4 protein chains.
Amino acid sequence: MTEARPVRRQARGERRIAEILDAALALFAEAGYEGTSTNAIAARAGISPGSLYQYFPNKDAIADALSQRLLDELRAAHAAAFDLTDVAGAPIAGLVSRVVDPLVAFNVAHPGARALLGDAATPAAVTGRSRPLHAAVTDRVTAIVQARAPHLPTPDAERTAFVTVQIVAALMGPIVAASGPDRAALVTELKNALTGYLTPLTE
Amino acid sequence: MTEARPVRRQARGERRIAEILDAALALFAEAGYEGTSTNAIAARAGISPGSLYQYFPNKDAIADALSQRLLDELRAAHAAAFDLTDVAGAPIAGLVSRVVDPLVAFNVAHPGARALLGDAATPAAVTGRSRPLHAAVTDRVTAIVQARAPHLPTPDAERTAFVTVQIVAALMGPIVAASGPDRAALVTELKNALTGYLTPLTE
Amino acid sequence: MTEARPVRRQARGERRIAEILDAALALFAEAGYEGTSTNAIAARAGISPGSLYQYFPNKDAIADALSQRLLDELRAAHAAAFDLTDVAGAPIAGLVSRVVDPLVAFNVAHPGARALLGDAATPAAVTGRSRPLHAAVTDRVTAIVQARAPHLPTPDAERTAFVTVQIVAALMGPIVAASGPDRAALVTELKNALTGYLTPLTE
Amino acid sequence: MTEARPVRRQARGERRIAEILDAALALFAEAGYEGTSTNAIAARAGISPGSLYQYFPNKDAIADALSQRLLDELRAAHAAAFDLTDVAGAPIAGLVSRVVDPLVAFNVAHPGARALLGDAATPAAVTGRSRPLHAAVTDRVTAIVQARAPHLPTPDAERTAFVTVQIVAALMGPIVAASGPDRAALVTELKNALTGYLTPLTE
DNA sequence: CATGAATGAGGCTTCATTCAT
DNA sequence: CATGAATGAAGCCTCATTCAT
């Protein structure tokens, strides 16, 4: 019993954090980062404004923690769906599917992730926050590109990965927003675009 | 005297409006839409806050008018650089260049257009504002797609145009932000991506 | 008429500033610096919180401006009541009266000046604000001390002035708070203390 | 078992109280009364906020208890260093030293006492708290004054004591804040001032 | 039609205090 | 009696918008 407490306490704390991040994620998705007030996050999380600050020192920290959480989830999801061992000679189209499908699933499961993925289009300087999600995904894609096209100089691989991620990010919003058949169609387009873009690199 | 005035007044009014939009464009580029205050716009435009509201009913209206103005300019620029008459059998790569180059030139000339182009990634619901620029560009691209691939059903052509525009928009930010050689490299990537994406449609 | 406006405008602005400072002075006197909210100052000044910030960038600036205003008034009052030309051989007791009386009159006329005079006892580090009033008065007293006791090394004169001002400041609160006869008695005590302290320096 | 506990409990309680007051004293010295949060006091005392309120009903009560404790300590220190039996015909300068030295020692040993000594300059009405320390010291000084100048009417003796204490308090801050040689110089000045002030009373 | 002072709601954050465990 | 999460009022400040001049 005396041992159970810290656990339960800690558990409660982590649940609270999760609730706050859930609330923030939902609101960021609805109104963006700037359009979401900390009081609104607290209210949505079912706590008082003061409580919010027991878990996060300020609004930015919430966004950062949310980014981190999404990043972890994304990493886990992607790792589960994709391993780098058999990339070598695989056909591009298949690779693209294996990269895109988990990403789409993830984003559909987490609408609002995009608000943190941080408008690819918006310079970080403007928002004042970094975009760890983006960077992490780009790193991952760079690795895949280099595994598949080993002859490509690193800077080129990085640029390719960057462009790829931008394209994916650009279409993820519409994909998430679309309903069943439209979504599938957009996903197909995305894959076609990526395949068309990446195929020449390996020839 | 009473007859001469309206003209001059109107002229002055339009100049004022242009100045306001110039100011807004610059500030949106620097700090984003939310990060830009109407007072700041007025100050940059060299007028008082009260005067600003003589020309625009609210902040959103400024963004809308700016979108419209950019749209007009873009349309004009694009029309000057591109005509639809010889699209029929032209090679895709060339077409892509003819579409992309003026767009890049336009965006480089108008950094900040992107703040209005409205983060392709950000649903209009979030910003609360529509994205006429985007829609107009998409229409234009749809026309080109249909001219080049007449057999494509209209919905497909529209989707293709949409995806194309998303891709362009997604890379325009980095392109504008990049310096000389990096910018050129990114433009090349963009063209490659578009060419890779669009070529299969005509086969 | 067209010329009158800027003047009236400016006049109104300065009146507003004066009203704000009056309100701040009264409230600082009642509740101290920390105990006084900017909203309270605005309310007492009969304006909205927002208006307050049209004239001052933040709370500290109000305190600083108030210090400056009090300083100016004090300087004027003291200059009017005291000149340095005949200090040389004057008897200390008379000098003390000539210094103390205007100060007392000033502080009685401006209760609350003390809140800015900045609790001699409170290190500036704590309040985060400097104490220009104090410094100015000390400078003035240093000058008088050096005029009366020319042989005194400067550091000693400065320390003497500092101690003098501390003593005056320490008793000014009670003096201002006291009623007629008690006040007079305290003023006499203050003068006696200063005379007793300063007389040996000139022998 | 039930009988043994109360003692230990009480002992522990007093130790807790002492720790809280220690923490409060340190923090008051660093940041002043208003600048010190109860949570900070609890943290510094190594307990939880809730526990703090088990010992004190509110923040003011902490300050009051601290005042009381300082008062007791001061009384003890002073009683040890000074007895009233031989005051009668003693030279003023010596008396002053015997009063001032323990006070300085005490304040140096307890920086932060001043925050409670309650800015001599700040009316109690402002802080909302009384100043028992001040009152007690004044009583003590009144007794000394009356022992040394028996002919002085009580009200005069009280006023003299009050002024004396104000002067001491006014210089105690700078004295505590000063380093070695500067401190000594200030202490000398303080003694000179008091001697100059008090000597005439006995003639 | 210009001006710029005025407005006041609302945002982020702190903190004295309470309460469930 | 300890804990520490929870509370919510209040503080400072910003900004879209209005209004007197």
Side-chain angles (χ1 to χ4, degrees), chain A residues 1-2 4-6 8-10 12-13 15-16 34-43 45-60 62, chain B residues 5 9 12-13 16 34-43 46-62, chain C residues 1-2 4-6 8-10 12-13 16 34-43 46-60 62, chain D residues 5 9 12-13 16 34-43 46-62:
Chain A
M1 199 177 173
T2 351
R5 240 190 231 156
R8 208 178 304 158
R9 285 251 167 103
Q10 204 166 301
R12 193 156 60 123
R15 206 181 323 135
R16 272 275 186 270
E34 314 248 19
T36 299
S37 78
T38 55
N39 282 1
I41 296 173
I47 61 178
S48 66
S51 285
L52 189 59
Y53 285 83
Q54 202 122 35
Y55 297 98
F56 297 97
N58 53 47
K59 193 181 172 183
D60 269 19
I62 298 173
Chain B
R5 250 189 221 155
R9 285 238 171 117
R12 203 168 51 146
R16 278 267 193 274
E34 313 250 17
T36 299
S37 78
T38 54
N39 281 356
I41 296 173
I47 62 176
S48 67
S51 286
L52 191 158
Y53 280 84
Q54 209 105 33
Y55 295 101
F56 297 98
N58 54 45
K59 193 180 174 184
D60 271 17
I62 298 173
Chain C
M1 198 174 171
T2 352
R5 240 189 230 156
R8 210 178 303 155
R9 284 250 167 103
Q10 203 166 301
R12 191 154 64 121
R16 272 274 186 272
E34 314 247 18
T36 299
S37 79
T38 56
N39 281 1
I41 295 174
I47 60 177
S48 67
S51 285
L52 189 58
Y53 285 85
Q54 201 122 37
Y55 297 97
F56 297 97
N58 55 45
K59 192 181 174 183
D60 269 20
I62 298 174
Chain D
R5 253 191 219 153
R9 284 239 171 119
R12 200 169 52 144
R16 276 267 192 276
E34 313 250 19
T36 299
S37 79
T38 55
N39 282 357
I41 295 173
I47 63 176
S48 66
S51 287
L52 191 157
Y53 281 83
Q54 209 105 35
Y55 295 99
F56 296 98
N58 54 44
K59 193 180 173 183
D60 271 17
I62 299 173

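All values derive from a computational prediction rather than experimental measurement. Labels below follow one simple rule: chain letters A, B, ... track the order of the sequence lines, proteins then strands, and each chain is numbered from 1. All values below were derived from every heavy atom in this structure, side-chain atoms included, with hydrogens, water molecules and symmetry-related copies excluded.
Comparing Ser48(C) and Lys59(A) by the nucleotide of DNA chain E whose heavy atom lies nearest to each, the residue mapping closer to the 5' end is Ser48(C). Of the residues near DNA chain F, Tyr55(A) and Asn58(C), the one whose nearest nucleotide (by heavy atom distance) lies more toward the 5' end is Tyr55(A). Sequence order on DNA chain F of the closest nucleotides to Asn39(D) and Asn39(A) puts Asn39(D) first from the 5' end.
To the nearest angstrom, P of dT3(E) lies 11 Å from CG of Leu52(B). Between Glu34(B) atom CD and dG11(E) atom C1' there is a gap of 13 Å when expressed in whole angstrom units. The CD1 atom of Ile62(C) sits 10 Å away from the C1' atom of dC12(F) (whole-angstrom rounding).
Minimum atom distance to the side chain of Ser51(B) is reached by dT3(E), of the listed dA16(E), dA2(F), dT3(E). Among the nucleotides dG8(F), dG11(E), dT18(F), the one closest to the side chain of Ser37(A) is dG11(E). Considering only the side chain of Tyr53(A), dC12(E) comes nearest among dA2(E), dC12(E), dA2(F).
Remark: Arg16(D) is not in phosphate contact with dC1(F), judged by side-chain N or O atoms under 4.0 Å from OP1 or OP2. Under 4.0 angstrom from either OP1 or OP2 of dA16(F) there lies at least one side-chain N or O belonging to Thr38(B). Within the 4.0 Å cut-off from OP1 or OP2 of dA2(F), at least one side-chain nitrogen or oxygen of Gln54(D) is found.
Minimum interatomic distance between Asn58(A) and Tyr53(A) (heavy atoms only, all atoms of both residues): CA-CE2, 3.8 Å. For Lys59(B) against Glu34(B), the heavy-atom pair with the smallest separation is NZ-O, 3.9 Å. Closest heavy-atom contact between Pro49(C) and Asn39(C): CB-OD1, 3.4 Å. Summarising the geometry of Leu52(A) relative to Thr38(A), their closest heavy-atom pair is CD2-O, 3.3 Å, with the distance given to 0.1 Å.
Figure legend. dG10(E) is base-paired to dC13(F); pairs are counted as Watson-Crick or G-U wobble with both atom distances under 3.5 Å. Searching all strands for a Watson-Crick or G-U wobble partner of dG4(E) with both distances below 3.5 Å returns dC19(F).
Using a 4.0 Å heavy-atom criterion, one finds that Ile47(B) contacts the sugar-phosphate atoms exclusively.
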